[in-house]
Trainee: 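Questions regarding the structure given below will be posed in turn.
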Amino acid sequence: MASRRGAFALVAALCLLELARRGLAEEPAVPAMFVFGDSTVDVGNNNFLANCKANCKANYPRYGVDYPFQSPTGRFSNGYNLADQLAQKLGFDKSPPPYLSLPDVTIISQMSKGINFASGGSGLIDSTGWKVCTEVFNMSAQVQSFTSAVQKMGNGTADLISRSLIFINTGSNDLFEYTDFPSNTTRNDTEFLQSLVASYKGHLKDLYGAGARKFSVVSPSLVGCCPSQRAVAHDTNDLDFHGCSRAANGLSRQLYPMLGSMLRGLAADLPGMHYSLGDSVGMAELVLNGTVLPGANFTVLDRPCCGGGVGGCNGTAPLCLDRGSYLFWDNFHPTAAASNVFARELFFDPGAFVHPMNVHELAELRP
C-alpha cells in the first residue's frame with residue numbers, strides 16, 4: 001500500500017513538470033484522439049439517437065453544472081469527463097466532438113483532429129444497452145464508423161492514424177446487465193468474461209486493420225461500488241467489505257487480468273501495436289480504502305452528489321455543494337474531480353496502475 005501511495009505522489013510531481021512543459025508546447029502530444037466506449041467518455045452522441053431513452057442521455061440539468069456556461073452537453077458528469085481530461089493532458093482543449101453531431105461533409109476533415117464515437121449504455125456485446133436505453137450506438141457501429149471514415153480519407157492517412165491515440169473505456173455496462181438481468185439458464189461467469197474479451201479483441205483488430213497503432217485501454221472499474229449497485233447489493237445481502245456488490249466486483253476483478261493477457265498476445269502478434277492498460281480496479285480500491293490522493297480528498301464514497309441516492313439526477317434533484325469531495329456524480333458516474341484523478345493516473349502513473357506504459361509514454365512513441 002505504501003508503494004502505491006508513493007506512486008500517487010510521484011504522479012503529482014510529474015504532472016506539475018508536464019504542465020510546465022505543455023505550457024511551452026505548440027502542438028498536442030498526438031495529432032488526433034479517437035474515443036470509443038460508454039457513458040464515462042460519451043460527450044453527446046446519445047443526444048442524436050432518436051429512440052434513446054431520457055435516462056440514457058445527459059443533455060438536461062443538472063448535468064454540466066460545472067461545465068463552461070453550465071451547459072448540459074450530454075456528458076454524464078457535472079463537468080469534464082474522463083475523455084475530456086485525458087485529452088487535456090495530451091494538449092487538446094477537451095475531447096473531440098461526438099461523431100453523431102457531425103454533418104457528413106465535415107467528418108473527413110474532423111478526422112485529422114479526432115472524433116468521439118462513445119455512446120452511453122453501450123458495451124462490448126452489441127445487444128448491451130438496448131434493454132435499458134432502447135437505442136445505443138454500439139461498439140461495432142462505433143468501430144465501423146471509424147474504419148469507414150479512414151477509408152474515405154484516401155491515401156496518405158496512414159501516418160496520421162498510426163500516430164493518433166485510440167482511447168477505449170467500455171465493458172462496465174456488460175457487467176451491469178449480466179448481474180442486473182440474470183437469465184433463466186445456469187450462468188458461467190468464465191464463459192461470459194471470455195466472450196467479452198473475445199469481442200474486445202475483435203474490435204482492437206479491426207481498429208488496427210484501419211491503421212491504428214496506439215491504444216489506451218481502461219479496464220472496467222469496481223462497478224459494484226456504484227451507488228445503484230450498492231442499493232441492489234444491500235437488498236440482496238450480496239455485500240463485500242466495501243459495502244458494494246460482491247458479484248459485480250468479482251467480475252471486474254476477474255476481467256482485468258484477462259484483458260491484460262489478451263493485449264499482450266495481440267501486441268506480440270500485430271507488428272507496431274502499442275498499448276497502455278489502466279487498472280481501474282486497483283485505482284478504485286485505493287480510493288475506497290481511504291487513501292488521500294494528491295489534489296483530491298474524496299470523503300463521500302457511497303452516495304451520489306446529484307440526487308443523493310434518492311431518485312435520479314435531474315433539474316429538481318438535490319445537489320451537493322462540495323463536488324470535489326464526492327466520488328460519484330450520479331448513481332453510475334464519477335464526478336469531474338474523480339475523472340481528473342483517474343485521467344492523471346492514466347497519463348503519468350509510473351507503473352502501479354498502468355501497464356506496460358502510461359499514456360504519456362505511449363503518446364511519445366513514434367511508429
Trainee: Are the side chains of Y208 and R213 in touch, meaning some heavy atoms are under 4.5 Å apart?
Mentor: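 Sidechains of R213 and Y208: in contact.
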Trainee: Which pair of non-hydrogen atoms, one from L288 and one from C225, has the smallest distance, and what is that distance?
Mentor: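 Smallest heavy-atom distance, with atoms named: CD1-SG, 3.5 Å.
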Trainee: Can you tell me if N45 and S119 form a side-chain donor-acceptor pair at under 3.5 Å?
Mentor: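 The criterion, which ignores hydrogens and geometry beyond distance, is not satisfied for S119 and N45.
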Trainee: Do other residues, nucleotides or ligands put more than 12 heavy atoms under 6.0 Å from the CG atom of D235?
Mentor: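 Above 12, so yes.
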Trainee: Is there a donor-acceptor contact under 3.5 Å linking the side chains of R75 and S77?
Mentor: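 Side-chain D/A pair, R75 to S77: absent.
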Trainee: What distance separates D189 CG from Y178 OH, expressed to the nearest 0.5 Å?
Mentor: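 Answer for the CG-OH pair, D189 versus Y178, is 4.0 Å.
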Trainee: Please round to the nearest 0.5 Å and tell me the distance separating atom CG of D42 and atom CG of N81.
Mentor: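 With rounding to 0.5 Å, CG (D42) is 8.0 Å from CG (N81).
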Trainee: Report yes if some heavy atom in the side chain of L362 is under 4.5 Å from a heavy atom in the side chain of V30; otherwise report no.
Mentor: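 No; the side chains remain at least 4.5 Å from each other.
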Trainee: Would you say the side-chain atoms of N116 pair up with the backbone N or O of A118, donor to acceptor, closer than 3.5 Å?
Mentor: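 Answer holds: yes.
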Trainee: Just jot down the salt bridge (charged side-chain N to carboxylate O under 4.0 Å, His left out) partners of R62, sequence neighbours excluded, or say none.
Mentor: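 If we apply the salt bridge (charged side-chain N to carboxylate O under 4.0 Å, His left out) test to R62, skipping adjacent residues, there are no hits.
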Trainee: What I'd like to find out is whether the side chain of D174 reaches to under 4.5 Å of the side chain of F192, using heavy atoms alone.
Mentor: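 Yes, at least one pair of side-chain atoms sits under 4.5 Å.
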Trainee: Has the side chain of S122 got a donor or acceptor atom that lies under 3.5 Å from a matching backbone atom of V136?
Mentor: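 Side chain of S122 to backbone of V136, a donor-acceptor pair under 3.5 Å: no, none is there.
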Trainee: Side chain of S252, backbone of S221: donor and acceptor closer than 3.5 Å?
Mentor: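 It does hold such a pair.
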Trainee: Would you please classify the geometry between the F347 ring and the H360 ring as parallel, tilted or perpendicular, with 30° and 60° separating the classes?
Mentor: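 Judged by the thresholds at 30° and 60°, the geometry between H360 and F347 is parallel.
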Trainee: Could you grab the distance from atom CG of L277 to atom OG of S219, nearest 0.5 Å is fine?
Mentor: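 Reported to 0.5 Å precision, the distance equals 6.0 Å.
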Trainee: Between A83 and V35, what is the shortest heavy-atom contact and its length?
Mentor: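 For A83 and V35, the tightest heavy-atom pair comes out as CB-CG1, 4.1 Å.
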Trainee: Can you tell me which residue among F146, F137, Y99, F167 is in a ring pair (Phe, Tyr, Trp, His ring centres under 6.0 Å) with F36?
Mentor: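 Of the listed residues F146, F137, Y99, F167, the ring pair (Phe, Tyr, Trp, His ring centres under 6.0 Å) partner of F36 is F146.
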Trainee: Please answer whether the main-chain N or O of L365 pairs with a side-chain N or O of K214 as donor and acceptor at a distance below 3.5 Å.
Mentor: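 Side chain of K214 to backbone of L365: a pair is present.
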Trainee: Is there a donor-acceptor pair closer than 3.5 Å between any side-chain N or O of Q85 and the backbone N or O of R344?
Mentor: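 Between the backbone of R344 and the side chain of Q85 there is no qualifying donor-acceptor contact (under 3.5 Å).
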Trainee: Is it the case that the side chains of D349 and N358 hold a donor-acceptor pair, with the cut-off being a distance below 3.5 Å and no angle test?
Mentor: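 The answer is no; no qualifying pair exists.
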Trainee: Please check: side-chain N/O of N173 versus main-chain N/O of G129, any donor-acceptor pairing under 3.5 Å?
Mentor: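 Answer holds: no.
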Trainee: Just checking N188: does its CG atom have more than 12 heavy atoms from other residues, nucleotides or ligands closer to it than 6.0 angstrom?
Mentor: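 Check passes, neighbour count above 12.
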Trainee: Locate the shortest heavy-atom distance separating S172 from P220; write the atom from each residue and the value.
Mentor: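 For S172 and P220, the tightest heavy-atom pair comes out as OG-CB, 3.7 Å.
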Trainee: Decide side chain to side chain contact (heavy atoms under 4.5 Å, CB included) for V132 and K53; before the verdict, give the C-alpha distance in whole Å, the side-chain angles of both, and the deciding distance to 0.1 Å.
Mentor: CA-CA 8 Å; V132 176; K53 291 181 179 179; over 6 Å; no
Trainee: F176 and V232: same hydrophobic cluster, using ILVMFWY side-chain contacts below 4.5 Å?
Mentor: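 Looking at the clustering, V232 is in a separate group from F176.
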Trainee: If you take all heavy atoms of G114 and A32, which pair is closest and at what distance?
Mentor: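 That would be N-CB, 3.6 Å.
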Trainee: Going hydrophobic residue to hydrophobic residue with side-chain gaps under 4.5 angstrom, can you get from M283 over to L82?
Mentor: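 Yes.
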Trainee: Under a 4.5 Å cut-off applied to non-hydrogen side-chain atoms, are T73 and V43 in contact?
Mentor: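 No, every pair of side-chain atoms sits at 4.5 Å or beyond.
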Trainee: Would you say the SG of C133 sits less than 2.5 Å from the SG of C52?
Mentor: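 Disulfide absent: SG-SG distance not under 2.5 Å.
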Trainee: Applying the side-chain contact (heavy atoms from CB on, under 4.5 Å) test to Q229, which of L175, L222, D238, D180 qualifies?
Mentor: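 One option only clears the test, and that one is D180.
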Trainee: Can you give me the closest heavy-atom contact between K57 and L49, atom names plus distance?
Mentor: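 K57 and L49 have their closest heavy atoms at NZ-O, 3.3 Å.
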Trainee: So which heavy atom on S109 is nearest to which on S112, and how close?
Mentor: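 Where S109 meets S112 most closely, the heavy atoms are O-OG, 2.7 Å.
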Trainee: Quick one: does N138's side chain get under 4.5 Å of T128's, heavy atoms only?
Mentor: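 No, side chains not in contact.
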Trainee: Report yes or no: does Q88 contribute a side-chain atom to a donor-acceptor pair with the main-chain N or O of K94 at less than 3.5 Å?
Mentor: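 Such a contact is absent between Q88 side chain and K94 backbone.
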Trainee: In sequence, state the C-alpha distance, the side-chain angles, and the governing distance for V41 and L86, and then conclude on side chain to side chain contact (heavy atoms under 4.5 Å, CB included).
Mentor: CA-CA 10 Å; V41 289; L86 186 62; over 6 Å; no
Trainee: Under a single-linkage definition using a 4.5 Å side-chain heavy-atom cutoff for Ile, Leu, Val, Met, Phe, Trp and Tyr, are L286 and V300 assigned to the same hydrophobic cluster?
Mentor: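 No; tracing contacts between hydrophobic side chains, which count when under 4.5 Å, never links both residues.
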Trainee: Is S276 reaching over with its side chain to a backbone N or O of M357, donor-acceptor style, under 3.5 angstrom?
Mentor: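 Yes; at least one donor-acceptor contact below 3.5 Å.
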Trainee: Short question: side chain of D84, backbone of S95 - any donor-acceptor pair under 3.5 Å?
Mentor: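 Flag set: sc D84 to bb S95 pair under 3.5 Å.
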Trainee: Once you round to the nearest 0.5 Å, how far does CD of Q254 lie from CD of Q194?
Mentor: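 Reported value, rounded in 0.5 Å steps: 10.5 Å.
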Trainee: Tell me every residue that passes disulfide bond (SG atoms under 2.5 Å apart) with C313, counting only those two or more places apart in sequence or in another chain.
Mentor: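 Applying disulfide bond (SG atoms under 2.5 Å apart) to C313 gives C306.
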Trainee: Under the 3.5 angstrom rule, does the side chain of N46 hit a backbone N or O of G120 as a donor-acceptor pair?
Mentor: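 Yes, N46 side chain to G120 backbone: donor-acceptor pair under 3.5 Å.
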Trainee: State plainly whether one hydrophobic cluster holds both M139 and L255, where clusters connect Ile, Leu, Val, Met, Phe, Trp and Tyr through side-chain heavy atoms under 4.5 angstrom apart.
Mentor: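 Same hydrophobic cluster.
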Trainee: When you compare the side chain of V359 with that of V354, does any pair of heavy atoms fall below 4.5 Å?
Mentor: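 No; the side chains remain at least 4.5 Å from each other.
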Trainee: Can you confirm whether W329 sits close enough to L319 that some side-chain heavy atom of one is under 4.5 Å from a side-chain heavy atom of the other?
Mentor: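 Yes. Closest side-chain heavy atoms under 4.5 Å.
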Trainee: Decide side chain to side chain contact (heavy atoms under 4.5 Å, CB included) for L204 and L263; before the verdict, give the C-alpha distance in whole Å, the side-chain angles of both, and the deciding distance to 0.1 Å.
Mentor: CA-CA 9 Å; L204 291 169; L263 285 164; 3.6 Å; yes
Trainee: Please say yes or no: joined through hydrophobic side-chain contacts below 4.5 Å, possibly via intermediate residues, are F92 and F342 part of one cluster?
Mentor: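 Yes; F342 is reachable from F92 via cluster members.
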Trainee: Would you tell me whether Q144 and D206 have side-chain atoms, one donor and one acceptor, within less than 3.5 Å of each other?
Mentor: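 No - no donor-acceptor pair under 3.5 Å links their side chains.
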Trainee: Check ring pair (Phe, Tyr, Trp, His ring centres under 6.0 Å) between Y275 and all other residues, then give those that pass, not counting sequence neighbours.
Mentor: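 Per chain and number, Y275 pairs via ring pair (Phe, Tyr, Trp, His ring centres under 6.0 Å) with no residue.
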Trainee: Nearest 0.5 Å please: distance from the CG atom of D330 over to the SG atom of C305.
Mentor: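 These two atoms lie 10.0 Å from each other.
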Trainee: Could you please spell out the steps behind the side chain to side chain contact (heavy atoms under 4.5 Å, CB included) verdict for H274 and F215?
Mentor: CA-CA 6 Å; H274 302 282; F215 300 86; over 6 Å; no
Trainee: Any heavy-atom pair between the side chains of R264 and H355 that's under 4.5 Å?
Mentor: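 With C-beta onward as the side chain, the pair stays apart.
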Trainee: Nearest 0.5 Å, please: how far is CZ in F34 from OG in S164?
Mentor: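 Answer rounded to 0.5 Å: 5.0 Å.
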